[in-house]
Novice: 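Got a structure for you, written out below as structure tokens; questions coming shortly.
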Amino acid sequence: MAPQTRRTSFPKVIIEKDTDSEQSSSEEEEEEEGEVSEGENGKEVEETLDAKRKGKSPICISLKKVCKVCKKAGHEAGFKGATYIDCPMKPCFLCKMPGHTTMTCPHRVSTEYGVIPTSLRNSRNPFAYVFERQLGPTNSRIKPAYVIPDQVSCAVIRYHSRRVTSLEFHPTNNNILLSGDKKGQVGVWDFGKVYEKIVYGNIHSCIVNNMRFSPINDGTVYAASSDGTISCTDLETGISLSLMNLNPDGWQGPGSWRMLYGMDLNKEKGVVLVADNFGYLYSVDIRANNKTGEAILIHKRGSKVVGLHCNPVQPDLLLSCGNDHYARIWDMRRIEACSSLYELAHKRVVNSAYFSPLSGSKIVTTSQDNRLRVWDSIFGNLDSPSREIVHSHDFNRHLTPFRAEWDPKDPSESLVVVGRYISENYNGAALHPIDFIDISTGQLVAEIMDPNITTISPVNKLHPCDDVLASGSSRSLFIWRPKEKCEPVEQKDEGKIIVCSGAGKKRGGKFGDDSDASDGDLFSSKGKNLKSKKSSLKSYKSQKVKR
DNA sequence: AGCCTATGCAGCC
DNA sequence: TGGCTGCCCTAGGC
């Protein structure tokens, strides 16, 4: 092309100023239109129009304050102090419904932050719904009070070089926590002797998605990774063998690289079950260390299967979930493509689906539409969930997907732990708590946070027998425990308990008062100045604060 | 303090 | 269906 053609087709530059009134900005537009139409050379006009058609609209350098979300003037989304103000032009960031923002979301009220049961059973008449609520199975009893302490102590350790992606407690050694990260490292942490840890860096080469201890020998652990292998590792020696490798020929491009996500062990059948990012399920015999049978398509072809869970009571039942927006229940005795017993539909990707840990009769799923879904009985009607609980656990490409995890100790099978995405203003600090939710009611039972932890905690696991919560937040691991000598707290009022550390000095009893968004003088925005120094390990004492 | 970026999904054509 | 683009509360490093 000739240089002059290039010159003439260069888009017009408009500068908008913040001080301009609406009037003057429209004048500018008119002026611009006028210039285009005034073009004496017909060719120039033609080219300008052509440029417009090609998407070369005038370059607009705007000095106006503009919303970073919708690019419109008049409002701004973002943090005001420690409170995030949504863009009003977009659907609510919490419940995803239009017409309001997170601040005014009906699912976010001061006493039950963001978490209430929703029926979403609009197709039924209200009487049927009430009838069902009244005559249906009564709500399970509330957790024993001592299990959710109002005071915790927190141990922190950071040895992963990338974000934590999976956690697993040792089944018999009560102080051992296993952690996997995005880089493929597997950490073994004795949080009883806080400084004792081992990090294995040679087991996997990328994301450790799921880990399970061997039911036969609890000194060995299986892990499924996005490198396409299942590892079987002796935790004492660190010696690891690969049970399966889906990429024997190495990297042949992104279209063919197979990654393993969902994994579970079936003790009765003696197999490791894994699923890949193409929708296939694989079964590996634990004793023979080899693949049994062919891969079975259990989710939409080409879509990622992110979770597998064997029913704890009925070993023939398998639960899977994936990026095709479904969770599916399978009968392992006759499993083949399209043979699922039930399909549990979701509106978005299903991050996790778990049977309840004791009876195996309930299911809780975490979906990227910001809803936890609960099925009260797998023997009942599975056409629609018993409850949907709006909860902020959005997808973010830089975060490990959130997964609501059962409390394995809860006899009522109603307590679930899940990290929260959106922050709340806790006396000037924007913190992302870890939520305990009673899935029988949708109630937020407790929220755990610490002013020193400003990062989001998407990975959480409750201890199989002790009152211990493990969390993975970015590259750090946290162990939350009831503080010694902590008196059990009655929960007669069913009130929410806020758990936090007492690291801040000036706060005193004011800490729980988060009603004022502008009280940012104690802490800077987002509470970043509270962040602990680069100590690799630090433990915090805690104090009780109620609101 | 502010810029940069790794990277998964969804929506668009 | 496939390839491309864009993204609302990230986190850490330079």
Side-chain angles (χ1 to χ4, degrees), chain A residues 54-55 66-72 75-98 100-103 105 108 113-114 158-165 181-184 206-207 209 226 253-257 259 261 277 299-306 322-325 346-351 367-370 391-402 419-426 429-433 449 452-459 472-476 514 517 520 524-529 531-534 536:
Chain A
K54 285 177 184 168
V66 125
C67 173
K68 65 177 179 184
V69 177
C70 69
K71 319 287 184 227
K72 291 198 176 84
H75 64 275
E76 275 183 278
F79 275 102
K80 274 261 186 305
T83 305
Y84 193 93
I85 308 298
D86 274 353
C87 170
M89 311 304 281
K90 292 275 184 170
C92 171
F93 194 63
L94 175 58
C95 74
K96 308 304 175 195
M97 305 298 276
H100 63 272
T101 66
T102 307
M103 295 297 282
C105 178
R108 173 183 178 143
Y113 173 84
R158 180 144 111 165
Y159 49 74
H160 284 285
S161 55
R162 292 287 185 273
R163 67 171 200 247
V164 174
T165 53
D181 74 14
K182 192 171 159 292
K183 200 184 176 188
C206 59
I207 315 177
N209 289 305
S226 291
S256 61
W257 184 258
M259 305 186 252
Y261 282 83
N277 57 327
H299 280 263
K300 184 181 170 186
R301 189 184 305 276
S303 76
K304 191 194 289 181
V305 184
V306 289
N323 279 25
D324 63 354
H325 302 190
H346 293 68
K347 293 210 170 61
R348 286 294 174 94
V349 170
V350 190
N351 289 345
S367 173
Q368 288 181 9
D369 65 354
N370 262 2
H391 178 263
S392 173
H393 48 253
D394 281 87
F395 169 79
N396 180 310
R397 67 191 137 160
H398 309 298
L399 297 175
T400 304
F402 291 83
R420 192 194 301 170
Y421 189 92
I422 50 174
S423 62
E424 183 89 344
N425 181 354
Y426 293 98
L431 303 176
H432 310 266
M449 84 291 287
N452 293 284
I453 304 170
T454 56
T455 49
I456 295 172
S457 307
V459 191
S473 189
S474 185
R475 291 162 50 186
S476 301
D514 61 355
S524 70
S525 170
K526 292 182 150 192
K528 291 243 176 189
N529 61 338
K531 193 146 189 161
S532 58
K533 299 286 185 294
K534 286 185 178 170
S536 60

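In this text the structure is predicted, and so the values were computed from the model without any measurement. Naming convention: chains lettered A, B, ... in sequence-line order (proteins, then strands); numbering from 1 in each chain.
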Novice: Listed by chain and number, what are the side chain to side chain donor-acceptor pair (under 3.5 Å) partners of A/R397, not counting sequence neighbours?
Specialist: none

Novice: Would A/T101 and A/C92 satisfy side-chain contact (heavy atoms from CB on, under 4.5 Å), going step by step from the backbone distance to the final call?
Specialist: CA-CA 4 Å; A/T101 66; A/C92 171; 5.9 Å; no

Novice: Reckon A/N323 touches a base, only the sugar-phosphate, or nothing at all at heavy-atom distances under 4.0 Å?
Specialist: sugar-phosphate

Novice: In whole angstroms, how far is the C1' atom of C/dA11 from the CZ atom of A/F79?
Specialist: 13 Å

Novice: Backbone N or O of A/H398 within a donor-acceptor pair of the A/N396 side chain at under 3.5 Å?
Specialist: yes

Novice: Is it the case that A/N425 and A/T83 place a side-chain donor and acceptor less than 3.5 Å from each other?
Specialist: yes

Novice: Test of understanding: with side chain to side chain donor-acceptor pair (under 3.5 Å), list the residues that count as partners of A/T165, not counting sequence neighbours.
Specialist: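 With neighbours one apart ignored, the set is empty.
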
Novice: Please tabulate the protein-to-nucleotide N/O contacts below 3.5 Å involving nucleotides 11-13 of chain B, giving atom names and distances.
Specialist:
residue	atom	partner	partner atom	Å
B/dG11	OP1	A/R348	NH2	3.3

Novice: Could you write out DNA chain B as a dot-bracket string, with dots for unpaired bases, | for bases paired across to another strand, and Watson-Crick or G-U pairs counted at under 3.5 Å?
Specialist: .|||||.||||||

Novice: Let me know the distance between NE2 of A/H299 and P of B/dC9, rounded to the nearest Å.
Specialist: 14 Å

Novice: Just N and O in the side chain of A/S474: are any of them under 4.0 Å from OP1 or OP2 of C/dG12?
Specialist: yes

Novice: In whole angstrom, what separates A/D369's CG from B/dA10's P?
Specialist: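 Roughly 11 Å, once rounded to whole Å.
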
Novice: I want to check one thing: is the phosphate of C/dA11, taken as OP1 and OP2, less than 4.0 Å away from some side-chain N or O of A/R158?
Specialist: no

Novice: Suppose we call a contact any N or O donor and acceptor under 3.5 Å apart; does that hold for the side chain of A/H398 and the base of B/dA6?
Specialist: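 Checked by distance alone, the answer is yes.
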
Novice: Give the B/S/- string for nucleotides 2-7 of chain C, one per nucleotide from 5' to 3', where a protein heavy atom under 4.0 Å of the base yields B, of only the sugar-phosphate yields S, and otherwise -.
Specialist: -----B

Novice: Just to verify, what does A/S161 make a side-chain contact (heavy atoms from CB on, under 4.5 Å) with, not counting sequence neighbours?
Specialist: A/D181, A/K183, A/Q185

Novice: Roughly, in whole Å, what's the span from CG in A/L399 to P in C/dC9?
Specialist: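 So the CG-P distance, A/L399 to C/dC9, works out to 10 Å.
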
Novice: A/V349: what forms a side-chain contact (heavy atoms from CB on, under 4.5 Å) with it, not counting sequence neighbours?
Specialist: A/N323, A/H325, A/N351, A/Q368

Novice: Quick one: list whatever passes side-chain contact (heavy atoms from CB on, under 4.5 Å) with A/N209, sequence neighbours left out.
Specialist: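 Applying side-chain contact (heavy atoms from CB on, under 4.5 Å) to A/N209 gives A/I207, A/S226, A/Y261.
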
Novice: What is the distance, rounded to the nearest whole Å, between atom CG of A/N396 and atom P of B/dT7?
Specialist: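 My rounded result for the distance is 14 Å.
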
Novice: For A/Y84, what residues pass the ring pair (Phe, Tyr, Trp, His ring centres under 6.0 Å) criterion, not counting sequence neighbours?
Specialist: A/F79

Novice: Which whole-number value in Å describes the distance from A/Q368 CD to B/dA10 P?
Specialist: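 Distance check: A/Q368 CD to B/dA10 P gives 6 Å.
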
Novice: Rounded to whole Å, please give me the gap between OH in A/Y421 and C1' in C/dC8.
Specialist: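 These atoms are roughly 7 Å apart.
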
Novice: Whether A/H325 contacts B/dA10 is assessed here as follows: a side-chain N or O lying under 4.0 Å from the phosphate OP1 or OP2. Is that the case?
Specialist: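 Answer yes for this pair, as a side-chain N or O of A/H325 is under 4.0 Å from OP1 or OP2.
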
Novice: Base, sugar-phosphate, or nothing: which does A/R475 touch, judged by heavy atoms less than 4.0 Å apart?
Specialist: sugar-phosphate

Novice: Under the side chain to side chain donor-acceptor pair (under 3.5 Å) rule, collect the residues that match up with A/D369, sequence neighbours excluded.
Specialist: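 In terms of side chain to side chain donor-acceptor pair (under 3.5 Å), with neighbours along the sequence ignored, A/D369 is linked to A/S367, A/R373.
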
Novice: Counting any heavy atom closer than 4.0 Å, what does A/P254 reach on the DNA or RNA strands: base, sugar-phosphate only, or nothing?
Specialist: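 Contact class for A/P254: none.
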
Novice: Across the strands shown, which category fits A/K304 at heavy-atom distances under 4.0 angstrom: base, sugar-phosphate, nothing?
Specialist: sugar-phosphate

Novice: Identify, with sequence neighbours excluded, every residue that meets side-chain contact (heavy atoms from CB on, under 4.5 Å) alongside A/H432.
Specialist: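 Result, side-chain contact (heavy atoms from CB on, under 4.5 Å) vs A/H432: A/S423, A/I456.
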
Novice: If the condition is side chain to side chain donor-acceptor pair (under 3.5 Å), which residues does A/D394 pass it with, not counting sequence neighbours?
Specialist: A/K96, A/N370

Novice: Within this structure, what is the CZ-to-P distance between A/R108 and C/dC9, rounded to whole angstrom?
Specialist: 16 Å

